[in-house]
Amino acid sequence: MRRTAVPAAAALLACAALAACGADYDGNGSSKARAGVADVQAEVTGVDWGECDLQALYGGEDLDAAAAAWAQALQCGSIRVPVDYEDPDGLQIRLAMIRHPAAGADRTGSLVVNPGGPGGSGIELARYPFLPAAVTDAFDVVGFDPRGTGASAGLACGSEAAFDAAVAAVAAADPAAVTGDQADALEAGAMDFSGECARETDPLLLEHIGTMDVARDLEVMRAALGDDGLTYLGYSYGTYIGQMYLHLYPERVRAMVLDGVVRTSGTVLDLAQGQAAGFAAAWRAFADHCRTVAGCPLTAAGDADAELTAILTRVQERLGGSAAVADMLDQVARSLYSEAKWTALARVLAAADGSPERFARDLRDLAGDEGAAPASRRPPPIPVPQRDADADFYAVQCADRDNPGHFGAYRDAAAGAYAGSPLFGAGIAWSYLPCATWRASEPNPSAVDGDGAPTTVLIGTAADPATPYGWAQEVAAGLDSAVLVTYEGSGHTAYALGHACVDGPVTAYLVDLAVPAQGLSCPRELD
């Protein structure tokens with residue numbers, strides 16, 4: 001049985017909002033004729049754009065004047081692509097798309113954007129005016145839901161709750177202290193989750209949901225949009241999509257910006273180790289900032305881990321366990337993604353000995369508050385496994401990499417991640433456990449050189465918690481032609497967040513192909 005990622009009523013609204021969305025799948029699946037992307041491009045000659053259903057897109061949200069004007073200009077549509085490009089007449093999927101036409105008289109082409117994930121919706125990102133005016137004047141801004149995400153046949157798996165609970169029970173604990181019963185619960189929950197996903201998802205889609213096929217979809221989109229070369233902006237996991245496109249179609253790139261760079265090498269457990277180090281660096285940077293805010297309860301960088309744990313433990317005890325330490329740590333981690341939230345987070349911690357109910361509510365609200373970032377920019381989805389994560393995160397991450405298939409490797413990784421980040425590391429590593437039993441798929445290339453592509457612009461943030469700066473350095477070193485722009489602050493991603501030193505050169509590159517200076521380093525901007 002195949003399931004969609006949203007309840008039936010919500011799915012109808014999503015397709016109502018997106019003109020020509022149609023059914024998730026069509027095609028008879030019987031033909032086995034071999035064909036590549038070029039054959040599909042010959043069939044997909046354009047995008048049938050139409051009006052968007054704004055009520056379905058925004059749900060009655062109170063938009064400011066700029067967002068309302070942006071919304072009125074939006075157009076929605078879709079293209080149809082094969083699930084398996086070697087069988088172009090077989091099972092088909094409709095990829096949902098959204099477009100804001102260029103506002104200026106001198107249109108350059110389309111800028112395709114992706115917010116990350118895996119599982120992040122490009123439609124969600126592009127429905128707000130988050131880019132500089134020079135970019136939106138020159139380009140149609142185009143967002144899409146990648147295969148398996150949102151309105152593009154989104155996935156769901158039904159047995160996630162047991163695995164979520166098992167991870168929550170050990171996320172904040174030393175892995176050496178995990179009991180046999182807890183280990184059994186982790187294994188059983190992960191196996192049930194991955195097994196049910198395999199049973200409830202069309203096996204062909206699950207086999208072809210990885211990023212190489214998303215990159216092929218992107219090439220079909222480029223041609224359907226009428227662009228001779230792809231102009232692309234990818235955040236976080238969106239940088240991985242960009243790298244796979246560079247691997248397949250380097251000569252088709254006009255300009256590519258990759259912000260919050262994900263490494264292509266390694267397993268998901270290597271990602272967990274890197275992310276643990278990234279969260280540790282971001283937490284240290286936050287602790288330093290916190291001590292500049294009146295009432296901050298963190299007294300010294302070396303004691304910040306223990307002090308936060310003590311604060312959250314007291315709150316948990318005062319609330320009778322209704323707010324778990326692991327859940328509150330998860331909310332702190334989410335708040336580290338945006339420097340714009342840091343002063344507010346410091347003030348929440350400063351009030352921890354007041355009303356515990358208010359503390360728990362304020363922390364929860366801050367973790368989910370997209371409005372803490374500038375109104376023109378909604379932050380990209382968190383690209384590490386979180387409790388209540390969507391199935392498409394696992395389907396893509398587990399398919400893209402050649403991951404270990406035994407529990408001991410994940411326990412060892414949790415121990416290593418815990419050593420690097422006692423607050424956050426173990427939970428990240430344990431959360432990847434479904435990949436141990438996920439349906440096998442051909443892993444993606446572990447190195448991309450982009451030979452034949454123009455200069456790629458990478459953006460790395462020095463204390464990025466989710467995509468550590470070292471990953472951007474690694475990818476930049478591997479590409480034949482790349483420039484790395486460094487933001488010397490923290491938070492996850494840096495472009496279009498109001499950092500003039502980053503925004504100016506990157507915008508000039510997108511619009512005029514003026515490559516930023518090699519080694520450009522931008523100072524931190526945090527009040």
Side-chain angles (χ1 to χ4, degrees), residues 167-168 170-174 275-374 379 382 384 386-388 417-418 420-428 461-466 489-493 497 524-527:
V167 173
V170 299
D174 184 342
Q275 289 169 333
F279 273 99
W283 172 248
R284 289 192 298 270
F286 166 75
D288 290 341
H289 172 70
C290 182
R291 287 190 290 275
T292 70
V293 178
C296 171
L298 307 180
T299 59
D303 298 328
D305 287 12
E307 289 172 337
L308 178 63
T309 301
I311 289 169
L312 301 184
T313 300
R314 290 198 303 271
V315 172
Q316 176 182 263
E317 291 171 349
R318 293 168 65 200
L319 290 174
S322 61
V325 169
D327 291 335
M328 289 186 284
L329 278 174
D330 184 64
Q331 291 155 8
V332 171
R334 290 173 180 268
S335 299
L336 294 178
Y337 274 71
S338 171
E339 283 183 321
K341 297 183 179 184
W342 282 18
T343 297
L345 176 59
R347 289 172 178 159
V348 170
L349 295 178
D353 289 330
S355 165
E357 290 83 7
R358 179 173 179 178
F359 174 87
R361 182 184 66 248
D362 289 349
L363 184 60
R364 182 176 60 251
D365 290 347
L366 182 63
D369 180 18
E370 294 178 342
I382 295 176
V384 296
Q386 303 287 333
R387 289 181 293 285
D388 301 320
Y418 178 82
S421 176
L423 290 176
F424 310 111
I428 294 173
T461 298
D464 187 322
S490 190
H492 183 44
T493 75
L497 286 174
R524 180 183 189 183
E525 299 177 26
L526 176 62
D527 294 334

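Numbers for residues simply follow the sequence, beginning at 1. These values consider heavy atoms only, across backbone and side chains, with no hydrogens, waters or symmetry-generated copies.
- With a 4.5 Å cut-off on side-chain heavy atoms, E339 and R524 count as touching.
- Across every non-hydrogen atom of A350 and C296, the tightest pair is CB-N, 4.2 Å.
- With values rounded to the nearest 0.5 angstrom, T309 atom OG1 is found 11.5 Å from D303 atom CG.
- At least one donor-acceptor pair under 3.5 Å links the side chain of Q316 to the backbone N or O of V325.
- In this structure, K341 and L366 approach most closely via the heavy-atom pair NZ-O, 3.0 Å.
- The side-chain heavy atoms of F359 and R318, taken from C-beta on, include no pair separated by under 4.5 Å.
- In this structure, the side chains of L423 and Y418 stay at 4.5 Å or more apart for every pair of heavy atoms.
- Among W342, F286, Y337, the single residue meeting the side-chain contact (heavy atoms from CB on, under 4.5 Å) criterion with S490 is W342.
- Taken to the nearest 0.5 Å, the OG atom of S335 stands 12.0 Å off from the CZ atom of R364.
- For the atom pair OG1 (T313) and CD (E317), the distance works out to 6.5 Å, reported to the nearest 0.5 Å.
- With rounding to the nearest 0.5 Å, the separation of CZ in R358 from CZ in R361 is 6.5 Å.
- When all heavy atoms of A173 and A426 are compared, the pair lying nearest together is O-CB, 3.9 Å.
- The two residues A172 and L329 come nearest to each other via the heavy atoms CB-CD1, 3.7 Å.
- Remark: the backbone N or O of H289 is paired with a side-chain donor or acceptor of T292 at under 3.5 angstrom.
- Nearest heavy atom pair, residue D464 against residue T493, reads OD2-N, 3.6 Å.
- A distance of 10.5 Å separates CG in L497 from NE2 in H492, rounded to the nearest 0.5 Å.
- Under the salt bridge (Lys or Arg N to Asp or Glu O under 4.0 Å) criterion, D353 pairs with R314, not counting sequence neighbours.
- Remark: F424 CZ to Q275 CD distance equals 13.0 Å, nearest 0.5 Å.
- Of the charged side-chain nitrogens involved, none lies within less than 4.0 Å of a carboxylate oxygen, so that R284 and D288 do not count as a salt-bridged pair.
- Side-chain atoms of L363 and L349, non-hydrogen and from C-beta on, never get closer than 4.5 Å to each other.
- Judged by distance alone, the side chain of S338 and the main-chain N or O of A340 form a donor-acceptor pair under 3.5 Å.
- Of the possible donor and acceptor atoms, one in the side chain of E307 sits under 3.5 Å from a partner among the backbone N and O of T299.
- Counting heavy atoms from C-beta outward, M328 and V332 have side chains that stay 4.5 Å or more apart.
- Looking at residues two or more places apart in sequence or on another chain, you find a side-chain hydrogen bond (donor to acceptor under 3.5 Å, both in side chains) between S355 and E357.
- Contact detail for G489 and T461: the closest heavy-atom pair is O-CG2, 3.2 Å.
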